[in-house]
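To keep things clear, I will list the structure first and then write my remarks on it.
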Amino acid sequence: MKKIAKLLSLLLCLALCLSAAAFASGEASGEASDGAYVASSEGSSAGIEYGYTGSGAGLTVSGAVNAQGEETVLENQAIIAVGSSAIQDSGTTSIVARDSVIVGVDPAPTAPLTGNPGNLLVAGNVRTTLALSQSHAYYINSTILSSNWAALSTDGAVPATEEGQEELSLYAYGSLARTIEGGYGAYSDLFCNLYLYGSDIEAAEIGIISGTYGSVVIGTIADGEADENMAARLTDGDKDTRSDKDQGSIVSGGRNAIMIHSVNLPPYWEYEGYSQEELPLHSTFIAVKGSTLRTDLDLDMGIEYDAQKQAYIDHTAGSVILIKSTNAELALVDTQLIADPAGTGAVLHSVYNNDTMFMNAVPDGEQYPGIQVYLTASDVTGDVIHEDYQRDMNLLLTDSTLTGAVNGYDCDHWNAAAAAEGFTDYALDASYATAHGVSITLENGSAWTVTGESHLNGLTVDESSAVIGAMTVDGVPTDIVPGEYFGDIVLTP
């Protein structure tokens with residue numbers, strides 16, 4: 001039934017497109033505020049209601065918007081594009097879309113991306129919105145729909161190097177972003193910042209992709225109203241529409257809720273602090289508060305990839321947060337992580353990157369920042385699978401509970417899985433001598449209930465916390481009491 005609903009919603013996108021075509025003669029055009037060119041014609045469509053989260057009664061249908069001035073404001077618009085972005089902003093422009101529906105329709109069959117973007121392992125041809133350079137985009141009580149590839153995308157960002165400049169930023173407040181047949185909901189790359197406040201993402205493949213050390217903040221309506229940049233664009237009417245200030249964001253992916261990866265490419269090296277040698281030492285930052293990250297394999301429309309890629313995808317399908325050969329810092333406060341039980345069952349999962357040509361590999365014997373996870377005031381059920389044998393993963397639980405198995409694996413495990421499951425293209429190290437793994441610290445009343453055999457390098461338990469299970473350290477049965485433990489740590493239920 002869910003797949004039928006998604007197909008019906010795609011037909012809705014096509015209907016919206018045809019509606020726009022009926023209004024636009026190709027001769028009508030206009031100027032939005034401050035020089036932004038808008039191909040449009042006047043007309044209304046009161047029937048555009050599916051998935052619409054805004055409060056406007058009628059919408060004016062218009063064509064694609066290419067914002068180029070200082071600030072463009074769009075209100076109660078149905079902006080529809082076929083085969084291209086519906087909204088694009090570049091330079092230092094800002095665009096505000098309020099109570100609007102923005103639709104990108106791909107007239108071609110949905111197929112995997114090719115070329116360098118193909119290593120993202122997502123499908124499609126249309127990015128409904130595209131923010132570039134140092135632009136800012138604000139989507140307020142609006143709905144963004146895409147047939148595939150991307151609903152909210154960023155690209156080509158440049159750093160702020162002069163006084164008064166700001167990095168590219170994309171904001172969503174009380175909004176919905178959705179991809180139907182393939183692709184991702186939102187993207188944050190190097191020098192890109194993504195902010196979701198009381199907004200939902202539902203993507204056929206991946207909810208959010210954080211590229212090479214992008215920044216992602218996911219929070220509540222109240223967090224948005226406390227954000228100075230977001231608050232400056234909100235009207236009293238916008239805030240009145242969202243009376244539940246504790247409303248968090250929900251990020252859902254048919255494969256993963258969040259995928260984090262990084263690549264080491266020449267375009268980045270020209271920036272100070274991001275040389276070929278320095279770039280791999282940076283970390284992606286993800287902050288989540290009062291919100292939910294979840295996977296739902298029924299969202300996946302089953303786009304066909306080649307055998308090696310499909311095997312790799314299957315190996316990670318259902319993992320809530322997937323981290324591919326990169327350093328990451330995750331701050332998760334009052335956060336729900338919900339893994340589809342039909343998948344891996346993992347709430348955190350690190351792997352060797354499939355983009356083997358440009359990945360940030362760690363030379364054997366060196367120590368990179370690794371993966372730091374701070375779980376605060378959260379109750380999480382699901383496994384932690386650490387298969388990136390080139391980095392450490394450190395988990396800090398504060399006033400939180402974890403119910404699941406936690407395992408750090410070595411190179412031999414990864415190679416064996418690749419051989420057994422059919423993704424040997426992504427197993428390039430014959431061996432790796434340096435031992436990395438997982439360490440867990442529990443503090444301030446935290447508890448870990450072990451549900452399956454678990455392997456750690458380190459465990460720290462404070463006086464107020466507990467681990468429910470049995471433990472050996474270097475093969476010796478050891479009572480789990482407050483203290484620090486290091487070595488070959490094995491825990492069982």
Give a yes or no on whether the backbone of [Y] and the side-chain of [X] come within a donor-acceptor separation of less than 3.5 Å.
{"X": "Arg242", "Y": "Gly174", "result": "yes"}
{"X": "Thr179", "Y": "Gly185", "result": "no"}
{"X": "Ser147", "Y": "Asp106", "result": "yes"}
{"X": "Ser175", "Y": "Ser142", "result": "yes"}
{"X": "Ser249", "Y": "Gly219", "result": "yes"}
{"X": "Asn264", "Y": "Gln276", "result": "yes"}
{"X": "Ser146", "Y": "Ala151", "result": "no"}
{"X": "Thr295", "Y": "Asp340", "result": "yes"}
{"X": "Thr212", "Y": "Ser262", "result": "no"}
{"X": "Asn193", "Y": "Leu168", "result": "yes"}

Quiz item: Do Tyr352 and Tyr426 have ring centres separated by under 6.0 Å?
Solution: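 For Tyr352 and Tyr426, the ring centres are not under 6.0 Å apart.
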Please find out if less than 6.0 Å separates the ring center of Tyr138 from that of Tyr171.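 Here the rings of Tyr171 and Tyr138 have centres that are less than 6.0 Å from each other.
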*Residue pair Glu166, Asn229: steps toward the side-chain hydrogen bond (donor to acceptor under 3.5 Å, both in side chains) verdict*: CA-CA 11 Å; Glu166 295 181 357; Asn229 285 334; 4.6 Å; no
With distance as the sole criterion, is a donor-acceptor pair present between the side chains of [X] and [Y] under 3.5 Å?
{"X": "Thr398", "Y": "Glu443", "answer": "yes"}
{"X": "Gln310", "Y": "Asp306", "answer": "no"}
{"X": "Asp379", "Y": "Thr401", "answer": "yes"}
{"X": "Asp238", "Y": "Thr241", "answer": "no"}
{"X": "Asn148", "Y": "Thr110", "answer": "yes"}
{"X": "Arg391", "Y": "Asn327", "answer": "yes"}
{"X": "Asn76", "Y": "Asp99", "answer": "no"}

Let me confirm one number: the [atom1]-[atom2] distance from [X] to [Y], rounded to the nearest 0.5 Å.
{"X": "Lys324", "Y": "His349", "atom1": "NZ", "atom2": "NE2", "result": "11.0 Å"}
{"X": "Met359", "Y": "Asn353", "atom1": "CE", "atom2": "CG", "result": "5.5 Å"}
{"X": "Ser153", "Y": "Leu194", "atom1": "OG", "atom2": "CG", "result": "11.0 Å"}
{"X": "Leu402", "Y": "Ser378", "atom1": "CG", "atom2": "OG", "result": "11.0 Å"}
{"X": "Leu196", "Y": "Ile250", "atom1": "CG", "atom2": "CD1", "result": "12.0 Å"}
{"X": "Glu75", "Y": "Arg98", "atom1": "CD", "atom2": "CZ", "result": "4.5 Å"}

For the CD atom on Glu366, are there more than 12 heavy atoms of other groups (residues, nucleotides or ligands in this structure) within a distance under 6.0 Å?
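Yes - once you tally the heavy atoms of other residues, nucleotides and ligands closer than 6.0 Å, there are more than 12.
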_Can you confirm whether Glu272 is buried at CD, in the sense that more than 12 heavy atoms of other residues, nucleotides or ligands lie under 6.0 Å from that atom?_
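Counting neighbours around CD of Glu272, 12 or fewer heavy atoms of other residues, nucleotides or ligands fall under 6.0 Å, so no.
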With His136, which residues qualify under ring-ring contact (aromatic ring centres under 6.0 Å, His included), at least two apart?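 Partners of His136 under the ring-ring contact (aromatic ring centres under 6.0 Å, His included) test: none.
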Please enumerate all residues that pass ring-ring contact (aromatic ring centres under 6.0 Å, His included) together with Tyr187, with sequence neighbours excluded.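 Once residues adjacent in sequence are excluded, the partners of Tyr187 under the ring-ring contact (aromatic ring centres under 6.0 Å, His included) criterion are Tyr184.
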Quiz prompt | Qualifying salt bridge (Lys or Arg N to Asp or Glu O under 4.0 Å) pairs, either residue in residues 246-255, two or more places apart | solution =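 Output for this query lists Glu205-Arg255.
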Please list all pairs meeting salt bridge (Lys or Arg N to Asp or Glu O under 4.0 Å) that have one or both residues in residues 213-233, counting only residues at least two apart or in different chains.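 Applying salt bridge (Lys or Arg N to Asp or Glu O under 4.0 Å) to every pair that reaches into residues 213-233, excluding sequence neighbours, yields Glu71-Arg233, Asp223-Lys289, Glu225-Lys245.
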Open item on the list: Are Val347 and Asp383 packed together at the side-chain level, in the sense that at least one heavy-atom pair is separated by less than 4.5 angstrom?
Closed with: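 SC-SC contact between Val347 and Asp383 ruled out.
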| task | Could you tell me whether the side chain of Leu74 reaches within less than 4.5 Å of the side chain of Ile79, counting heavy atoms only? | result |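 Side chain of Ile79 against side chain of Leu74, heavy atoms only: contact under 4.5 Å found.
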| How would you list all residue pairs meeting ring pair (Phe, Tyr, Trp, His ring centres under 6.0 Å) that involve residues 231-272, not counting sequence neighbours? |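 Qualifying pairs: Phe191-Tyr271.
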query = What's the verdict on side chain to side chain contact (heavy atoms under 4.5 Å, CB included) for Asp388 and Ile323, showing C-alpha distance, side-chain angles and the deciding distance?
reply = CA-CA 8 Å; Asp388 180 0; Ile323 307 166; over 6 Å; no
Quiz: residues 80-96 side-chain donor-acceptor pairs under 3.5 angstrom, not counting sequence neighbours:
residue: Ser85; atom: OG; partner: Arg127; partner atom: O; Å: 2.7
residue: Asp89; atom: OD2; partner: Ser135; partner atom: OG; Å: 2.9
residue: Thr93; atom: OG1; partner: Gly69; partner atom: O; Å: 2.3

Return the minimal non-hydrogen interatomic distance between Tyr368 and Val362, and the atom names on each side.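 Smallest interatomic distance, heavy atoms only, reads CD2-CG2, 3.4 Å.
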Should the pair His282 and Tyr213 be assigned to parallel (<30°), tilted (30 to 60°) or perpendicular (>60°) ring geometry?
->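 Tilted: the ring planes of His282 and Tyr213 meet at 30° to 60°.
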